[in-house]
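Structure, as structure tokens:
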Amino acid sequence: MWNATWRQSVWDELKRPWDLIIIGGGITGAGLLREATRIGLRALLVEGNDFTSGTSSRSSKLVHGGLRYLKNGQIRLTYESVRERENLLRTGRGLIYPLGFVMPSYSNDKIPGWVFHAGLIIYDLLALKWGHQRYGTKDVLDRWPFLRSEGLLGGYRYFDAHTDDARLVLRVIQEAVNDGGSAINYAWVEDLLRSKSGQVCGIALRDQDPRYPNQRVEVEAPIVINATGAWADELRILTGGNRRLRLLRGSHLVFPAKKVPLSRAVSFYHPHDQRPVFIYPWEGTIIVGTTDVDQGSIPKPEPSISTTEAEYLMIAARYAFPPLELNLDDVLSTFSGIRAVVDTGKADPSKESREHVIWQENGLVTVTGGKLTTFRVMAHDTLRAIRHLLPGHPRLNRKLRMLDKPPVEAMLDIELDAPERLRLLGRYGANAPRVAEAVKRGELTCIGETNSLWAELRWAARAEAVLHLDDLLLRRLRLGIIAPQGGIPWLDKIREIVQPELGWDDPRWQQEMDSYIQLWHRSYYLPLDYPQSIKKQSVSQESTS
Ligand code: FAD
């Protein structure tokens, strides 16, 4: 349990001997910590900001095989992904849910429907699961009457899955910690230690907790893994490596579900460039994504959607659903993530491979790229690449559950409907009964129209390593994305529950609240220059051009 004293106790233990240090607390680092602890290694994960504050909380939240990767001929990536998707669906009930998709087929699509159909056959064969189906035009319009009907030739149904990406990372880290691993957030690696022969043999950590601004420690280990995603080049160049990564930003628009009545995902080609776009239900909202644009360097403090991206996604949404007359005023929130891909200089960023890479340079092992869905494959490939260096040369077992079995029986007495109980088990795993025990009167109700319970706020503030308000509102719960105005109108009630749990005085609360509001407007809503630069008129004109 990450209570008020856990962080200092991890910090005090950093000088212990470690077999392995993992830098980065996104899904890649989390998966590595989990798999390393499974094989008995003494493993430490250090995250410079909050756990999962990088791309792993800003993905499209799909647990998928990646049909688009199939189109690019990346059969291995697709095969691994569908297999991992199936394992996650089996072991992560309440956190990973199946999601039906429909792909309408239009006369002007660059890729004809039959090609897509052939892709779906391969997709289902790889998963050993037959789920796709062809619909005629009438069937499609009967089921989705608000879809564009002009040029519609029918459609295809298939299945993938979705999750809460940040909760997935937290659950994987917590299961690794329960199994003997150690993890600390807000501990930034500011340098790498080198042996006399120039090999990396440890890290220099700077505490980012505002209470200990000068706390610094050097931690040694025979193996240091760089799982810092889009930041990976920053550590690589400390060992003399050249930059090899290309950073691509992908952004999303989020609408309230009542604006877009969808129970399935719709995928279609963007009318401007024929890139695949998805519109899908998630946690009581509808997400439209994504873009794929060069990012240049890592934005501080967080990536944000640009005006051009917002318009691009808006055009897609209006094109797909003309009768809904969506416009940017309907947008609930936005979010953007940065993908690291190996730079081969392709003119079209979407053509760069998404497969993960593993590099070993002067003792630093870097693993980056890949997908949320394939976190265990990445962990296994990395540990296999360094197996000869690991004590006892341990073997990895791909047949094991990806997520631990949660204590289902312990939850049966809780006054919640079965789906809500399952949801708590999925999100909190072994801790779910404790979440329920911590509940105070009236807290087993949902926050506004979201599926999140007030009780979850109390638990997260008490025992989930929260250092700042945005950790709580953006990643432990996802109010910053799914609630009107990022949950800002509820801050008084939130404060009543969480301020005593967090032990913050009034000036600290005020400061945290101000920074959250500022961050939400800057990185989780429309660009700051909206509405001046985005005219509803210009969007509707472009969408019909
Ligand atoms: P990150 O999550 O970015 O984690 C790296 C961490 O390292 C960060 O938390 C950072 O703070 C930390 N760090 C950096 N430098 C330091 C340092 N010096 N010291 C300490 N810590 C440091 N995959 C899917 O399977 N399904 C999807 O639907 C999907 N959608 C996507 C949509 C978009 C727009 C993008 C960009 C990617 C998507 N992906 C998806 C891919 C997936 O999200 C990423 O591959 C994955 O999240 C990357 O995880 P990571 O742990 O490697 O990086």
Side-chain angles (χ1 to χ4, degrees), residues 21-33 45-66 68-69 77 80-82 84-85 88 96 99 160-163 165-166 168-169 172-173 183-192 203-208 224-236 238 245 247-252 265 278 280 282 287 289-293 295 298 300-303 305 309 334-341 349-350 354-357 366-375 377-379 382 475:
I21 294 173
I22 299 152
I23 312 172
I27 192 67
T28 308
L32 275 161
L33 185 71
L45 179 150
V46 295
E47 163 55 51
N49 296 300
D50 184 26
F51 294 128
T52 195
S53 58
T55 306
S56 299
S57 56
R58 307 142 187 282
S59 79
S60 302
K61 299 155 197 352
L62 300 175
V63 173
H64 64 149
R68 73 170 80 174
Y69 308 131
L77 182 61
E80 283 167 343
S81 312
V82 289
E84 297 300 273
R85 177 194 72 193
L88 281 167
I96 293 107
L99 178 64
D160 261 317
H162 67 89
T163 189
D165 47 3
L168 176 64
V169 176
V172 174
I173 294 179
I184 186 165
N185 59 355
Y186 289 101
W188 185 258
V189 174
E190 60 178 21
D191 207 354
L192 298 171
I203 55 175
L205 267 187
R206 172 78 61 185
D207 200 343
Q208 305 296 305
V224 177
I225 302 184
N226 171 13
T228 56
W231 288 261
D233 269 351
E234 308 306 316
L235 289 176
R236 289 185 50 255
L238 293 180
L245 296 173
L247 306 186
L248 303 176
R249 185 175 67 244
S251 298
H252 308 78
F278 298 101
Y280 50 96
W282 185 77
I287 298 183
T290 170
T291 56
D292 213 5
V293 296
Q295 171 64 51
I298 293 176
K300 283 198 177 129
E302 296 202 7
I305 193 168
E309 288 172 287
T334 69
F335 62 97
S336 305
I338 312 283
R339 197 190 291 277
V341 297
S350 299
R354 265 66 173 152
E355 275 188 81
H356 65 270
V357 288
T366 296
V367 50
T368 190
K371 303 196 313 163
L372 192 80
T373 314
T374 51
F375 70 89
V377 175
M378 292 171 74
T382 311
R475 291 173 287 278

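Just so you know, ligand 1 is whichever comes first in the structure, and atom 1 is the first atom listed for that ligand. By convention here, the first residue in the shown sequence is residue 1. The figures that follow rest on heavy atoms only: side chains count, while hydrogens, waters and symmetry mates do not.
- Residues satisfying the ring-ring contact (aromatic ring centres under 6.0 Å, His included) test with Phe375, not counting sequence neighbours, are none.
- Using a 4.0 Å heavy-atom criterion, the residues that approach ligand 1 are Ile23, Gly24, Gly25, Gly26, Ile27, Thr28, Glu47, Gly48, Asn49, Ser53, Gly54, Thr55, Ser56, Ser59, Ser60, Lys61, Leu62, His64, Ala187, Trp188, Val189, Ala227, Thr228, Gly229, Trp231, Gly250, His252, Thr290, Gly337, Ile338, Arg339, Gly369, Gly370, Lys371, Leu372, Thr373.
- Looking only at side-chain heavy atoms (C-beta outward), Ile22 and Val46 stay at 4.5 Å or farther from each other.
- The aromatic rings of Trp188 and Trp231 lie perpendicular to each other, with more than 60° between the two planes, well past the 30° mark.
- By the salt bridge (Lys or Arg N to Asp or Glu O under 4.0 Å) test, Lys61 pairs with Asp165, sequence neighbours left out.
- Qualifying ring-ring contact (aromatic ring centres under 6.0 Å, His included) partners for Tyr186, counting only residues two or more places apart in sequence or in other chains: His468.
- Side-chain atoms of Ser60 and His252 form a donor-acceptor pair, as typed in the model, at a separation below 3.5 Å.
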